[in-house]
Amino acid sequence: MKAKHIQHLYRRIGFGILPSQLNKLSKESKKKIVEHIFKTSQSFKALKVDTSEITDVFVTSMNGKKLEPEVRRKIQKISRQKQIELNIAWIDRLATSEQVLREKMTLFWANHFVCEDNNIVYIQKFNNTLRKHALGNFREFVNAISKEAAMTKYLNTKQNKKQKPNENFARELMELFTLGEGHYTENDIKESAKAFTGYSHNLNGDFVFRKRQHDANNKTFFGKTGNFTGEDIIDIILEQKQCATYICSKIYSYFVNDSVNKNHVLAMADVFYKDYNIENVMKFMLMSDWFYDEENLGNKIKSPIEFLVGIKTLVPTNFKKPKQLIYMQRLLGQTLLDPPNVAGWKGGRNWIDSNTIVLRLKLPSLLLNSAYISNVKNGNEDVMMTTKKEQFKKKYGKRFSTETNWNYFETHFKHVKISDMSAHILACEINDNAKAYLQSLEKVSKQEYCIQLMSLPEYQMC
């Protein structure tokens with residue numbers, strides 16, 4: 001398998017591949033490499049932070065004692081802190097886990113089954129449900145999501161009762177989670193909402209079906225009539241080939257190209273519709289020759305999380321103060337566990353604006369070089385540019401302090417010449433001006449050259 005195709009594969013199913021790892025795989029076939037990726041992501045390992053302090057309070061409450069206002073406030077405070085811990089733990093998992101595909105798929109599904117909550121117990125359960133089903137059966141996945149405490153709160157399923165149905169979940173189930181807009185009627189929403197009445201949860205976040213609140217009458221949905229439950233509704237939705245097409249379209253735009261090739265998506269949908277096995281359709285996509293077409297290489301803008309984790313993958317970097325990492329995510333426009341709305345982040349060109357591109361270009365220096373934009377001179381730097389660099393350091397240098405492991409980078413780039421580094425760090429060809437700039441640099445270290453490459457607009461692509 002060609003080196004550039006292996007790099008493309010690992011940039012899409014993960015966050016890049018180090019030269020030492022690339023060298024080990026360079027003589028392997030595409031089939032063997034893809035099989036290895038799935039094998040390493042086969043098992044499920046939950047991501048957890050300690051929530052015992054909150055669950056102990058829940059046990060007390062479930063034993064009949066009412067939660068006092070000050071106790072509720074304490075729980076909220078602990079939850080906010082634990083959410084920061086979970087965010088950081090997720091970033092670390094993305095950058096270091098051998099189960100790279102499962103983690104990347106978890107990130108994908110988090111922006112598909114969009115949900116947020118203020119209770120860390122429910123947040124963590126939801127996040128691990130995404131992780132558990134990330135490569136499994138889509139039917140089981142949708143059913144599990146419909147019963148998650150965070151989701152029943154977020155889309156008001158708890159308020160969905162036979163006396164007064166709430167249509168929020170039923171609408172988003174079809175519009176965002178399974179079919180896409182325009183492939184159902186308003187009556188389908190009303191009737192399916194009745195099927196999900198009675199869905200609730202206990203304080204621990206476990207699913208509870210409240211039979212007395214469930215509408216047990218017949219419902220007519222997609223031309224079928226019966227005493228349907230929520231699971232029946234999901235079965236009928238998945239009978240529609242549009243469901244397979246819609247999900248494959250979203251997978252394609254995330255992993256292949258923002259411009260969707262309908263023929264490729266239809267081929268994926270044929271595979272997915274057979275059994276709704278996510279692993280099978282992902283294997284089909286990664287084994288397809290078109291996945292490696294030139295038009296699909298280095299054509300996608302990295303999300304803020306992909307950008308941050310990509311840097312961390314090359315040069316392990318940790319913020320000395322955890323809240324700094326959260327603040328950085330906000331500045332870049334994507335904070336894990338805190339989506340903008342039920343539709344999630346739009347992605348693509350929406351990741352970049354006049355503010356975020358400036359920060360992205362300076363971020364490698366900020367994180368890896370104590371906020372110095374560059375330690376090198378190319379003979380063309382004027383006083384104004386020097387002043388701007390000093391202003392940037394003054395503004396951000398104290399705000400963000402990091403610990404970096406350059407020894408890790410040096411180890412994995414040990415046998416790579418400086419002139420060959422761009423092929424490992426960048427996903428697309430650099431423009432003539434950038435080439436001229438890099439060639440004009442006097443003798444520099446691999447560390448400095450790495451920072452220079454990361455500071456190019458081309459590094460925004462994957």
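Only this structure's heavy atoms are used, side chains among them; waters, hydrogens and symmetry mates stay out. Note that the numbering runs from 1 along the sequence shown for the chain.
At a threshold of 4.0 Å, the pair K283-E279 counts as salt-bridged, since one of the basic side-chain nitrogens sits closer than that to a carboxylate oxygen. Salt bridge annotation for K125-E148: present, with a cationic side-chain nitrogen under 4.0 angstrom from a carboxylate oxygen. A salt bridge is absent between D338 and R330; no separation between the charged side-chain nitrogens and carboxylate oxygens falls under 4.0 Å. Using a 4.0 Å cut-off between charged nitrogen and carboxylate oxygen, R171 and E175 do not count as a salt-bridge pair. A salt bridge is defined here as a Lys NZ or Arg NE, NH1 or NH2 lying under 4.0 Å from an Asp or Glu carboxylate O, and R80 with E85 fails to meet this definition.
Closest approach of V444 and I418 over heavy atoms only: O-CD1, 3.3 Å. The two residues I233 and A195 make their nearest non-hydrogen contact at CG1-CB, 3.4 Å. Scanning both residues, L176 and K250, for their nearest heavy atoms gives O-NZ, 4.2 Å. Closest non-hydrogen pair, L18 versus T313, comes out as CD2-O, 4.0 Å. What you find for I145 and M151 is that their closest heavy atoms are O-CB, 3.4 Å. Across all their heavy atoms, L94 and L336 have their closest contact at CD1-CD1, 4.5 Å.
In this structure, the side chain of K158 does not engage the main chain of H201 through any donor-acceptor pair within 3.5 Å. In this structure, N204 contributes its side chain and D206 its backbone to no donor-acceptor pair below 3.5 Å. Panel note: side chain K82, backbone I120; no donor-acceptor pair is recorded below 3.5 Å. The backbone N or O of F319 sits nowhere less than 3.5 Å from a side-chain atom of E403 that would complete a donor-acceptor pair. For the pair S79 (side chain) and I75 (backbone), a donor-acceptor distance under 3.5 Å is present. Judged by distance alone, with hydrogens and angles left aside, the side-chain atoms of Q124 form no donor-acceptor pair with the main-chain N or O of L86 at under 3.5 Å. Panel note: side chain R131, backbone A46; no donor-acceptor pair is recorded below 3.5 Å. Listed for the K30 side chain is a donor-acceptor partner under 3.5 Å among the backbone atoms of M287. No donor-acceptor distance shorter than 3.5 angstrom exists from the side chain of S41 to the backbone of F38, with no hydrogens or angles considered. Side-chain atoms of D293 do not come within 3.5 Å of backbone N or O of N296 as any donor-acceptor pair.
Using a 4.5 Å heavy-atom threshold, the side chains of Q99 and S43 count as touching. Between W345 and W351, some side-chain heavy-atom pair lies under the 4.5 Å cut-off. The closest side-chain heavy-atom distance from T402 to N318 is not below 4.5 Å. Side-chain atoms of V142 and F177, non-hydrogen and from C-beta on, never get closer than 4.5 Å to each other. The shortest side-chain heavy-atom distance between D270 and K274 does not fall under the 4.5 Å cut-off. For the pair N128/L47, a side-chain contact is recorded, criterion being any heavy-atom separation below 4.5 Å from C-beta on. Using a 4.5 Å cut-off on side-chain heavy atoms (C-beta onward), E116 and L337 make no contact. Between Y459 and I311 the shortest side-chain heavy-atom distance falls below 4.5 Å.
Interatomic distance, L286 CG to K31 NZ, rounded to the nearest 0.5 Å: 14.5 Å.
The aromatic rings of H112 and W109 sit perpendicular to each other, their planes meeting at more than 60°, with 30° as the lower class boundary. The aromatic rings of Y199 and F207 stand perpendicular to each other, their planes meeting at an angle above 60°, with 30° marking the opposite boundary.
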Apply ring pair (Phe, Tyr, Trp, His ring centres under 6.0 Å) to the pair F169 and Y154, showing each step before the final yes or no. CA-CA 9 Å; F169 177 75; Y154 187 53; over 10 Å; no
Determine whether K4 and E294 satisfy the following criterion, salt bridge (charged side-chain N to carboxylate O under 4.0 Å, His left out), listing intermediate values before the conclusion. CA-CA 10 Å; K4 68 175 183 178; E294 285 295 324; 2.4 Å; yes
I'd like to know whether F126 forms a side-chain contact (heavy atoms from CB on, under 4.5 Å) with Y122, so could you lay out the CA-CA distance, the side-chain angles of the two residues, the decisive distance to 0.1 Å, and finally the verdict. CA-CA 6 Å; F126 187 85; Y122 305 161; over 6 Å; no
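Side-chain polar atoms of T356 and D353 form a donor-acceptor pair below 3.5 angstrom. There is no side-chain donor-acceptor pair under 3.5 Å between H8 and Y292. Side-chain contact annotation: Q447 with N369, donor-acceptor N/O pair under 3.5 Å absent. At a cut-off of 3.5 Å, with distance as the only test, a side-chain donor of D275 or N280 sits close to an acceptor on the other residue. Counted by atom type alone, E458 and N431 present one or more donor-acceptor pairs between their side chains at under 3.5 Å. For the residue pair Y10 / Q21, no side-chain donor-acceptor distance below 3.5 Å is found, with atom types taken as modelled. With 3.5 Å as the limit, one finds a donor-acceptor pair spanning the side chains of D232 and T229. Remark: the N143 side chain and the R139 side chain contain no N/O donor-acceptor pair separated by less than 3.5 Å.
Heavy-atom neighbours of D289 CG from other residues, nucleotides or ligands within 6.0 Å: at or below the threshold of 12. Around the NZ atom of K74, the shell of radius 6.0 Å holds no more than 12 heavy atoms that belong to other residues, nucleotides or ligands. Within 6.0 Å of CD in E429 there are 12 or fewer heavy atoms belonging to other residues, nucleotides or ligands. Other residues, nucleotides and ligands contribute at most 12 non-hydrogen atoms within 6.0 Å of the CD atom of E53.
Residues forming a salt bridge (charged side-chain N to carboxylate O under 4.0 Å, His left out) with K48 (at least two apart in sequence, or on another chain): none. Under the ring pair (Phe, Tyr, Trp, His ring centres under 6.0 Å) criterion, F108 pairs with Y254, F255, sequence neighbours left out.
For the side chain to side chain contact (heavy atoms under 4.5 Å, CB included) with C243, the qualifying choice from Y273, F138, F272 is F138, the only one to do so. Partner of Q460 under the side chain to side chain contact (heavy atoms under 4.5 Å, CB included) criterion, chosen from K302, E306, R360: R360.
Stacking of K446 on the aromatic ring of F413 is not recorded, the 6.0 Å distance cut-off and the 45° axial limit not both being met.
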